[in-house]
There are 2 protein chains.
Amino acid sequence: MTYSEENYLKVIYHLSIGNTKGITTNAIANEMDSKPSSVTDMVKKLAEKDLVIYKKYQGVSLTDKGRQHAVMIVRKHRLWEVFLVEKLDFSWDEVHDVAEQLEHIKSEKLTDKLDEFLDFPTEDPHGDPIPDREGKIAKVEKQLLSETELHQKVICVGVKDSSASFLQYLDKQQIALGSSIEIVSREHFDQSLTLKVNDRQLSVSYKIAANLFVKTV
Amino acid sequence: MTYSEENYLKVIYHLSIGNTKGITTNAIANEMDSKPSSVTDMVKKLAEKDLVIYKKYQGVSLTDKGRQHAVMIVRKHRLWEVFLVEKLDFSWDEVHDVAEQLEHIKSEKLTDKLDEFLDFPTEDPHGDPIPDREGKIAKVEKQLLSETELHQKVICVGVKDSSASFLQYLDKQQIALGSSIEIVSREHFDQSLTLKVNDRQLSVSYKIAANLFVKTV
DNA sequence: AAACATTTTTAGTTTTGTCTAAAAATATAA
DNA sequence: TTATATTTTTAGACAAAACTAAAAATGTTT
Ligand SMILES: [Mn+2]
Ligand SMILES: [Mn+2]
Ligand SMILES: [Mn+2]
Ligand SMILES: [Mn+2]
């Protein structure tokens, strides 16, 4: 399995979540900053290897085998992110690019020993679940802050967008995983929100709220 | 810098040690299990990038820039080997293949943080020196056990061959870095040696002794 | 110095993964 | 239900990194 094949599998996996139909070549190309024609070529190769199901003009979907491979890459990616934050003092906005490289290291023993070394974490630094060595992913109920009712007390448990710029914004506003949040008011005009974060008052745009996962306490 | 270019640089670096003349394409091909014609192509590309000096039929040598790159790959390789052994309980015969992958991860911050996390080790699990972040390598005086005098008390400090089969042999014979060794006698017929290792008596072939580095106490 | 052997380079292919441009299929609108 | 727009695939090209086979240079013997 090449580096490139793994990246395609992972992208198809992520696009598949909450999507019953086939993933379009356009969507994949868009996600990978490549061209639809390149995707068509690669998708044929993956179909040849029984990693995806592909019928012309119908989009693509993962086989069980393909999903299993993809999940293992995600497992490695998130374990390495935990390692970087917990052991090497990286901040949560610095880990993604390095994990993009580390996720391709091939050694089941390494992955499992790393998991053990980190004390079998269930979530990565962005609140995303870490598949176990069988590929099982623990379901956690969480919702977007933007879909949370007024005055409901919640705790921040994850981010939808984990780009460096969003994460740095959250740092600046002192919002982190574990922060307690309550929506104090909604502005009708632009959907912006006034929050109480760990008893501090704070105003955020709709877009911010639409990228924060929370759970009710 | 591609994965492949890095592997070439590293091989040229290792072949350069204790070798003043240019490294031949044949030697490189041999070391990489590839063909001389492939090496010629790559070496031209490396010369183009000022990483090596190359003149037709004259072999190749590293520029300062090329050596610096190579040393950084060696640094990463050896730091990861220490990590695997010290933190993840790998044995010294299991680490090389994984380190071959990890040495290509590009992040200066990762390398330096890992170095710090490991407490700035000066040697890898096979006794090889670890370059510091400037690329400096501490010189350690060590000699081969095969070139050591009778009854001289020495300590095992490294291995010349670090293949899994040799390392496993040493495990079986309970010879490790730090073991105290003394040559009790030499067999004239086949150059084999009788050793006293940590007060145990042991007979080894010449080939074994020619792959063990020791230092006098 | 000529003859032979070895090493090294060149020339021409192959595979992988990408691209552009054009053709074909599908989706949307008049 | 045609016409138009969009999406997707095909065809053909390219760069990277490898290979084989042949040519050229170098080394070694007689
Ligand atoms: Mn990530
Ligand atoms: Mn993450
Ligand atoms: Mn090694
Ligand atoms: Mn080593």
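Every heavy atom of this structure was used, including side-chain atoms; hydrogens, water molecules and symmetry mates were not. Naming convention: chains lettered A, B, ... in sequence-line order (proteins, then strands); numbering from 1 in each chain.
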message: I need the CG-P distance between B/N26 and C/dT6, as an integer number of Å.
response: 12 Å
query: So, are A/E141 and A/K215 salt-bridged, with charged N and O less than 4.0 Å apart?
result: no
query: Could you give the CD-to-C1' distance, from A/Q58 to D/dT7, as a whole number of Å?
result: 13 Å
query: If only side-chain N and O atoms of B/T2 are considered, is one of them under 4.0 Å from the OP1 or OP2 phosphate oxygen of D/dA16?
result: no
message: Please confirm whether the shortest side-chain N or O distance from A/K44 to OP1 or OP2 of D/dT10 is below 4.0 Å.
response: yes
- prompt: Between A/R75 and A/D112, does at least one N-O distance fall below 4.0 Å, as a salt bridge requires?
  reply: yes
query: Just how far, in rounded Å, is P of D/dA16 from OH of A/Y3?
result: 18 Å
message: Expressed as a whole number of angstroms, how long is the span from A/I23:CD1 to D/dT8:P?
response: 11 Å
Any N/O donor-acceptor pair, B/S37 side-chain to D/dT20 base, under 3.5 Å: yes
field: Euclidean distance, atom CG of residue B/D33 to atom P of D/dC19 [Å, nearest integer]
entry: 10 Å
Test of ring centre spacing under 6.0 Å for A/H96 and A/H77: yes
- prompt: With a non-hydrogen cut-off below 4.0 angstrom, is B/Y54 in contact with a base, only sugar-phosphate, or nothing?
  reply: sugar-phosphate
Nearest-angstrom distance from the residue atom CE of B/M32 to P of D/dC19: 9 Å
query: Just checking, A/K207 and A/F166: is the charged tip under 6.0 Å from the six-membered ring centre and within 45° of the axis?
result: no
task: Look at all strands and tell whether B/S38 reaches a base, only sugar-phosphate, or nothing, counting heavy atoms closer than 4.0 Å.
output: base
field: Any N/O donor-acceptor pair, B/T40 side-chain to C/dT10 base, under 3.5 Å
entry: no
- prompt: Nearest to the side chain of A/P36, which nucleotide is it out of D/dT9, D/dA18, C/dT7?
  reply: D/dT9
query: What integer distance in Å separates B/K56:NZ from C/dT10:C1'?
result: 8 Å
- request: Could you check how far OH of A/Y57 sits from P of C/dA24, rounded to whole Å?
  value: 9 Å
field: salt bridge (Lys or Arg N to Asp or Glu O under 4.0 Å) partner of B/E103, the single match among B/R78, B/K10, B/K76
entry: B/K10
- prompt: When all nucleic acid strands are considered with a 4.0 Å heavy-atom cut-off, which category describes A/T25: base, sugar-phosphate, or nothing?
  reply: sugar-phosphate
